[in-house]
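Notes follow once the structure below has been shown.
So that the names make sense, note that chain A is the first sequence line, chain B the second, and so on, each numbered from 1. Reckoned from all heavy atoms, side chains included, excluding hydrogens, waters and symmetry mates.
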2 protein chains.
Amino acid sequence: MFGSAKSDIPKKVGGVPAKSRGDKAWQILREAIFTGRFAPGAPLRFQEMQTLCGMSVSPVREALTRLVAEGLVETEHNRGYRVTPLSRGDLEDLVRTRIRLEGWALERAIELGDERWEARIMSSLHVLSRLPRRRSADPRLMDEEWERRHNDFHTSLIAACDSPTTLQICRALSDRADRYRQISLAFETGPRDVDAEHAAIAEAALARDPAKARNALATHYEQTTRYLSTYLAAD
Amino acid sequence: MFGSAKSDIPKKVGGVPAKSRGDKAWQILREAIFTGRFAPGAPLRFQEMQTLCGMSVSPVREALTRLVAEGLVETEHNRGYRVTPLSRGDLEDLVRTRIRLEGWALERAIELGDERWEARIMSSLHVLSRLPRRRSADPRLMDEEWERRHNDFHTSLIAACDSPTTLQICRALSDRADRYRQISLAFETGPRDVDAEHAAIAEAALARDPAKARNALATHYEQTTRYLSTYLAAD
DNA sequence: ATAGTCAAGATTTTCGAAACCACAGCGGCC
DNA sequence: GGCCGCTGTGGTTTCGAAAATCTTGACTAT
């Protein structure tokens, strides 16, 4: 369209190239919401989004529909879209639900996991621990690569669970929780050894101790709530 | 647009009027998938959908995006959309996940429910039992009103649960299961007293017996699997 | 002053056509 | 004969603008 027509499509996020403009819009808006470019509760205006994404209204609209389904964006008919607000109540509910559901998935994975499952956990834990959590340039922001690896670690823990439906829901909840994780960095004051928390989960999982693994996972997830909930609106 | 401009918008499904063409397209396509107008695995062509919905491509596309997010429809880039196939494996996974998740929601509701919760269960159970399950005209099809009331009964059971996230997921899973329920009628041969199954759940819930209620719910959900799974592709 | 009405501007929603892609059928080349 | 590339066809995806809708603010009547 303008200049080199194709070269603006294959932008990647998390290693996955965008296949269509709709995909790309989804990635861009998602990223914009995560980084706070669009604040929680802020209205999303089409003109701005079109400029940001460099495309027409149709793919933007498709992306928004997806984001609504994922719970990152809300809509009211004929009154546009807005970034879903964050709140203490939502976070607490989210964390409790994740602990319950992902805890079950973890137990199941411990039951079924083979050597390959174990190996993937060890490898993803290792590469995760090799990276600092905060971005060196701006320590209030999360390092993109760290987040990718963190995600991979948690995915690997439950990968051996045999319920695709459960895994899919876990992924969706993890996405919703990402936003809280992002901003929690700005508020964490006390010392927190995230690496140790991860190692504890992995150790219990490989030792095939379901109760212990579940506990470690719960502790890990509850840490974020602890730091964050006092700073969030009660709702 | 044509004749009386407004009158073609407020079509209702389940008592909820469509607010936009996108909503209406979603309702129409959903209904078409449930009733088998579009069979499992069948490709969804835009021309046909536009004719069926009586509108242009944009709202149809929006509806499809929503249906994909709900798992009723699948898509492959540049190769269109297709109705998500039904399979034995998917059904079994779905049912197990529902039993686990909805079982927990039920326990929680039993813990928290007040008089209003009890009253709603009794009332929705009553109106449900007053209606035949099969459509009188074509006994292989499910009565629309019955399905609405059935849904309301199950919703009322867990309504007192205090986790919006969990309730939302339960609703989504219930929607996915609807398709299996619809076709199960055509295969059910042996006698099955659905009303008794419902009554058993309600009784245990009102008696505040979590384990018993959970069991009754599990039994109820497993019945459908029992009748259906031999007729479904293994996958 | 207050509520109700209306017009203008801003924004979302929908349309119809253009651009684009996958696939099948055909013809040339090794 | 088999393989490769071209091209036409049937479909999806994206565009740019028109239509519908909401918001705002001024104006009028009570």
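Looking at residues two or more places apart in sequence or on another chain, you find a ring pair (Phe, Tyr, Trp, His ring centres under 6.0 Å) between B:Trp146 and B:His150. Annotation: side chain to side chain donor-acceptor pair (under 3.5 Å) contacts of B:Arg96 (sequence neighbours excluded): none. Taking A:Phe34 as the reference, nothing meets the ring pair (Phe, Tyr, Trp, His ring centres under 6.0 Å) condition, with sequence neighbours excluded. Applying the salt bridge (Lys or Arg N to Asp or Glu O under 4.0 Å) test to B:Arg179 and every residue at least two apart in sequence or in another chain returns nothing. For A:Tyr221, the ring pair (Phe, Tyr, Trp, His ring centres under 6.0 Å) partners are A:His154, not counting sequence neighbours.
Look at CH2 on B:Trp26: it is 19 Å from C1' on C:dT13, rounded to the nearest Å. Between A:Leu64 atom CG and C:dT12 atom C1' the separation is 11 Å, expressed in whole Å.
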Which atoms of nucleotides 8-14 of chain D (N or O only) lie under 3.5 Å from a protein N or O atom, and what are those distances?
{"unit_1": "D:dT12", "atom_1": "OP1", "unit_2": "B:Leu44", "atom_2": "O", "d": "3.3"}
{"unit_1": "D:dT12", "atom_1": "OP2", "unit_2": "B:Phe46", "atom_2": "N", "d": "3.1"}
{"unit_1": "D:dT13", "atom_1": "OP1", "unit_2": "B:Asn78", "atom_2": "N", "d": "3.1"}
{"unit_1": "D:dT13", "atom_1": "OP2", "unit_2": "B:Arg61", "atom_2": "NH2", "d": "2.2"}
{"unit_1": "D:dT13", "atom_1": "O5'", "unit_2": "B:Arg61", "atom_2": "NH2", "d": "2.8"}
{"unit_1": "D:dT14", "atom_1": "OP1", "unit_2": "A:Arg21", "atom_2": "N", "d": "2.6"}

